[in-house]
Amino acid sequence: MHEIRYIAALVILGSLTWSPSACAQSAAATAPLLSVVKGALEPQFTPPPPGTYELPPIDTIVDHSLIDSSGRRVDLFDLTDSKIAVVSFMYTSCADVGGCPLAAAVLHRIDRMLSQRPDIRNKVTLMSVSFDPERDTPARMAEVKQAMQPKTDWHFLTSRTPADLQPVLDDFHQSAAKMWQEDGTWSGLFRHVLKVFLLDTDHNVRNIYSLGFFNPQLVLNDIETLLIEQNQHATRSP
């Protein structure tokens, strides 16, 4: 089912072709997803122009080690490398249409929009970080990366164990708790709230997006606002 939800998000964006048989088999499962994702990609408000507002720092993130889709240990600060970062926490088995599949679709659109902006594309990195390392192995994350076909600097990350990941979740204040069934077995789902974080080049959190306020144009405008701020600071420096 998780494959259907992620593929459905890509179909909406027009980046994959869906066969009639696949549509027929999964129409009921993906109908809610289609509605939610379309709503995020076609926002009901117009974001203010870049540079016409401020994004005060909310928090500061420290460095953390993660595992990339090739199985290599990487450090968060090395991946950002003086870039603005958009960090999304997710898991590939998510059944919440307003959660991880939505984040995947919006980040995919941001990736495509950045690819058309040579003036800023190399100043931004995207990160999808799984909080389900037991199932979201590097191999699984590589499959998702292949499906997403990123055109910019987009990393698909996990960790060796839940214990390794916990400091990262704590630092970002991202809660993710397993949902248990009455018989004490794990349902395979997590209780979580959609959060996507915008980090500046000093690793300060400058915005936190959630359902209803997470659309590609808003994120892009926020990125440009931070870049304008960065240029102004550089100009004022002796």
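Being a predicted model, the structure only gives us computed values, none of them experimental.
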- Residues Val144, Asp136; criterion side chain to side chain contact (heavy atoms under 4.5 Å, CB included); working and verdict: CA-CA 10 Å; Val144 174; Asp136 287 341; over 6 Å; no
- Does the Thr161 side chain pair with the main chain of Asp164, one donor and one acceptor, at a distance under 3.5 Å? yes
- Heavy atoms from other residues, nucleotides or ligands near CZ of Arg135 exceed 12 (cutoff 6.0 Å): yes
- So does Lys151 pair up with Asp111, basic N to acidic O under 4.0 Å? no
- Taking the side chain as every heavy atom from C-beta outward, state whether Thr158 and Pro138 have any pair of such atoms under 4.5 Å apart. yes
- Ile110 side, atom CD1; Ile223 side, atom CD1 - distance, nearest 0.5 Å: 6.5 Å
- Closest non-hydrogen atom pair between Gln181 and Trp186, with its separation: NE2-O, 3.7 Å
- Query: Is there a donor-acceptor pair closer than 3.5 Å between any side-chain N or O of Lys195 and the backbone N or O of His173?
  - Reply: yes
- Item | Residues Arg206 and Glu229 bridged, charged N to O under 4.0 Å | yes
- Query: Hey, does Ile58 have a side-chain heavy atom less than 4.5 Å from the side chain of Asn204?
  - Reply: no
- Query: If you measure from CZ on Phe190 to SG on Cys100, what distance do you get to the nearest 0.5 Å?
  - Reply: 9.5 Å
- Message: Taking Ser128's backbone N and O only, do any of them form a donor-acceptor pair with His155's side chain (distance below 3.5 Å, no angle check)?
- Response: no
- Message: For a 4.5 angstrom cut-off between non-hydrogen side-chain atoms, does Phe89 reach Val168?
- Response: yes
- Query: Can you list the steps and then say if Leu76 with Ile61 is a side chain to side chain contact (heavy atoms under 4.5 Å, CB included)?
  - Reply: CA-CA 10 Å; Leu76 179 65; Ile61 301 302; 3.9 Å; yes
- Message: When you compare the side chain of Arg112 with that of Gln149, does any pair of heavy atoms fall below 4.5 Å?
- Response: yes
- State, to 0.1 Å, how close Thr52 and Pro49 come at their nearest heavy-atom pair, and which atoms those are. OG1-O, 2.7 Å
- Task: Test side chain to side chain contact (heavy atoms under 4.5 Å, CB included) on Ser115 and Arg121 and set out the steps.
- Result: CA-CA 6 Å; Ser115 72; Arg121 60 171 292 167; 4.3 Å; yes
- Item | Flag if over 12 foreign heavy atoms under 6.0 Å of CD, Gln166 | yes
- Message: Can you give me the closest heavy-atom contact between Ala103 and Leu194, atom names plus distance?
- Response: CB-CD1, 3.8 Å
- Message: Per the ring-ring contact (aromatic ring centres under 6.0 Å, His included) rule, what does the pair list look like for residues 47-77, sequence neighbours excluded?
- Response: Phe77-His203
- Message: Taking Ile228 as the starting point, is it possible to reach Val86 by hopping between hydrophobic residues whose side chains are less than 4.5 Å apart?
- Response: no
- Query: If Ile, Leu, Val, Met, Phe, Trp and Tyr residues are connected whenever their side-chain heavy atoms lie under 4.5 Å apart, and connections chain through other members, are Val193 and Leu107 in the same group?
  - Reply: no
- Query: What distance do Ser159 atom OG and Leu165 atom CG have between them, rounded to the nearest 0.5 Å?
  - Reply: 4.0 Å
- Item | side chain to side chain contact (heavy atoms under 4.5 Å, CB included) between Val87 and Val129, worked out | CA-CA 7 Å; Val87 183; Val129 184; 4.1 Å; yes
- Task: Flag yes if Leu79 and Ile67 sit in one hydrophobic cluster, no otherwise; membership is Ile, Leu, Val, Met, Phe, Trp, Tyr, and two members link when side-chain heavy atoms are under 4.5 Å apart.
- Result: no
- Item | Result of checking Leu220, Asp222, Leu226 against Glu224 for side-chain contact (heavy atoms from CB on, under 4.5 Å) | Leu220
- Query: Any side-chain heavy atom of Pro47 within less than 4.5 Å of one from Asn215?
  - Reply: yes
- Message: Treating Asn221 as the side-chain partner and Pro48 as the backbone partner, does any N or O pair qualify as donor plus acceptor under 3.5 Å?
- Response: yes
- Check the surroundings of atom CD in Glu54: do more than 12 heavy atoms from other residues, nucleotides or ligands lie under 6.0 Å from it? no
- Going from OG1 on Thr60 to CG on Asp202, what distance comes out if it is rounded to the nearest 0.5 angstrom? 8.5 Å
- Give the minimum heavy-atom separation between Leu189 and Ser93, together with the two atoms involved. CD2-O, 3.9 Å
- Query: Looking only at heavy atoms, which two atoms of Cys94 and His192 are closest? And how far apart?
  - Reply: SG-NE2, 3.6 Å
- Distance in Å, Phe131 CZ paired with Tyr91 OH, rounded so as to fall on 0.5 Å steps: 6.0 Å
- Message: I need the Ile84 CD1 to Leu227 CG distance, nearest 0.5 Å.
- Response: 3.5 Å
- Task: Kindly indicate whether the side chain of Trp180, heavy atoms from C-beta on, has any atom under 4.5 Å from the side chain of Thr185.
- Result: no
- Query: Heavy atoms, side chains only, cut-off 4.5 Å: are Lys123 and Lys83 in contact?
  - Reply: no
- Task: Search all heavy atoms of Met127 against all heavy atoms of Trp154 and return the closest pair with its distance.
- Result: N-CD1, 4.2 Å
- Decide, yes or no, whether a salt bridge links Asp119 with Arg117 under the criterion of side-chain N to carboxylate O below 4.0 Å. yes
- Message: One pair to check against side-chain hydrogen bond (donor to acceptor under 3.5 Å, both in side chains): Ser130 and Asp132. What are the steps and the verdict?
- Response: CA-CA 5 Å; Ser130 174; Asp132 184 13; 5.5 Å; no
- Quick one: are Leu55 and Leu198 in side-chain contact, heavy atoms under 4.5 Å? yes
